[in-house]
Amino acid sequence: MRRSSTAIVGVGSAAVLVAGWLAGSARFTTDLPVAPATQLPIAEKTPPPTDAGTSPLPTPTEAAPVVVAFNGPVIETKYGSVQVQVVLTDGAITDAIALTLTDSSETSVEVSARAAPILREEVLAAQSAGVSNVTGATYTTQAYLSSVQSALDAAGFMG
Amino acid sequence: MIRTNRVGVDPVAHVAEPARRFLWRQRRADALEGLSWFSFAVVLALFLADGGWTYFTNIRDLATGTGIVAGLIGSNLLLVMLLLAARLPVVDRAIGYDRALAAHRRLGKPVLYLILAHLMLLLIGYGLALGRDPVAQAIAMITTMPDLPQAFIALAILVLVVLTSLVIVRHKLPYLGWYGVHLLTYAAVLLALPHQFGQGELFAVGTWARWYWLTLYVGTLAAVLGYRFLIPLARNLRHQLRVAEVRAEAPGVVSVVMTGHHLDKLAAHGGQFFGWRFWSPGLHLEAHPYSLSEAPNGQSLRITVRQLGDGSHRLLSVRPGARVFFEGPYGLFTAAARTTGHTVLIGAGIGITPIRALLEDIDTPSGGLTVILRGDDEEHLYLRREVEEICGRIGARLEVLVGLPPHQGRTWLPSAEFAAGQTISTLAPDIPDVDLFICGPKPWAELVVRDARAAGVPRHRIHAERFDW
């Protein structure tokens with residue numbers, strides 16, 4: 001190729017790569033549809049009766065830990081919905097319960113069933129939603145972490 | 001692009017037009033090559049846009065991410081390979097079919113390495129995520145993941161195709177064996193499709209990559225189907241070529257004249273070649289590339305063939321009336337490839353025959369055309385009488401060089417001319433300001449190219465037909 005053609009191709013390629021990068025980071029950091037998280041009616045020191053909508057929680061005593069559960073919003077992905085409930089005990093993340101996982105096909109059930117425990121452990125270990133992607137389950141990961149993050153935000157969780 | 005399709009209507013006589021045509025061809029070649037490179041950037045950009053960058057934000061996913069990228073680049077390169085071999089007219093007119101095929105061959109091994117890397121890296125990456133060693137991961141993939149068994153078969157086919165195409169193996173294989181394995185490439189491409197579009201989330205519904213790759217695959221397969229099967233089929237049905245005459249030119253050398261319908265509408269030029277398939281016992285399974293040895297005259301096509309490979313000696317047994325299936329015309333070794341007003345044609349042995357056909361299409365003011373023929377002895381100067389007649393008629397200079405090369409010294413000249421101090425410049429005085437067309441055995445042709453370059457002929461004005469495939 002002549003030098004001018006090489007230059008055009010080089011500049012064009014660089015431009016399209018940068019555009020791809022920008023589009024990717026925009027979509028996968030902010031673009032997931034996020035609804036506000038809902039705080040479950042678990043008042044401090046006044047444990048509610050356990051019902052279908054809440055997690056079974058230990059009955060608090062005088063010195064009992066403060067346990068709150070927040071449901072993250074339902075995040076829609078093209079493989080199905082994902083919703084996670086975050087449980088905070090004395091301000092620390094002690095559990096992340098997947099209420100809904102992707103179910104559009106057998107494969108997406110398998111993929112998210114594999115990803116969810118890994119994500120749960122990582123969230124507990126990191127005490128944040130800022131954990132890495134689970135290979136082969138990008139959409140589940142993004143939705144899961146997004147739901148967790150919104151729940152944490154609603155809880156005023158500061159890490 | 002100017003394309004004088006009609007036989008007998010000639011191209012050009014003055015300098016401006018060849019130069020302009022050359023510029024156009026160069027632009028077209030640059031555009032095609034640029035587009036191929038650009039496609040790799042598009043593939044990577046789509047991968048990033050669909051979230052691929054997240055693989056590279058942590059160590060754990062690095063192997064998987066790199067493996068996916070290797071697979072993407074490898075697939076794109078494989079499609080470029082298929083397009084290079086698809087006989088696309090736009091490619092043939094820009095760079096010529098021989099250069100396209102040379103590029104196709106060069107890409108074979110890189111594609112295989114990329115796809116192998118894709119497999120290895122994903123085995124490692126998935127294995128790390130799931131706590132399995134790569135072998136266990138491979139077994140798990142084949143046994144539990146849909147579409148993956150086909151993908152493994154596709155890879156095995158690719159390995160086989162590349163192995164059978166290695167020079168050392170290919171020479172030991174019959175043409176048909178190699179060709180049959182090569183056709184399996186299309187099967188491999190199709191077998192690998194489900195795991196790309198179904199498994200994982202890479203080309204999933206809703207991603208930009210899905211549309212890009214769908215377009216690319218459908219386009220490539222359509223091009224292959226159209227230009228390698230449908231168009232040749234239609235042309236054969238239209239022209240209905242049959243052998244009209246088989247004539248011995250010299251010991252072991254025959255001319256085959258073919259006639260058919262509407263040959264005046266066949267857009268072929270002197271210097272081009274076709275893939276020929278003679279419908280005759282023992283020959284019809286093999287297609288052979290032979291150049292025309294006479295510019296198409298609207299009535300008949302002629303090739304002149306020396307017995308070389310598997311099928312060419314059996315051409316002697318072809319009888320008039322036999323059906324001929326053809327693919328083509330192909331090649332840029334034509335009068336339209338010129339970039340200046342002066343032309344030098346050099347042919348050796350059987351390589352004289354395309355020169356003979358090209359000569360008829362070159363319409364240059366007297367003195368601007370030199371023809372040099374070379375043969376180890378008189379007998380090897382095939383079609384010499386015809387060349388002499390044409391040169392006399394149009395006033396072209398003709399130099400005939402006969403004799404073996406010297407034992408010492410690498411030269412394309414016979415020993416007598418070499419000893420007498422002849423060079424390409426003394427034989428063709430208008431060098432270096434010429435377009436030089438060379439046809440002959442490859443080592444010999446390389447020596448001509450070497451001397452022409454040394455005499456100052458720019459590379460883009462040297463047109464060498466490759467006869468070795």
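Chain naming here is simple, since letters A, B, ... match the order of the sequence lines and numbering starts at 1 in each. This structure is a prediction, so every number in the text was calculated from the model and none was measured.
- Residues B:Asp50 and A:Tyr139 share a closest heavy-atom pair of O-OH, 4.4 Å.
- If you take OG1 on A:Thr6 and CG on B:Asp30, they are separated by 7.0 Å, rounding to the nearest 0.5 Å.
- The two residues B:Ala41 and A:Leu17 make their nearest non-hydrogen contact at O-CD2, 3.6 Å.
- Contacts of A:Val134 with chain B are made by both backbone and side-chain atoms, with heavy-atom separations under 4.5 Å.
- Contact of B:Leu44 with chain A is made through backbone and side chain together, with heavy-atom distances under 4.5 Å.
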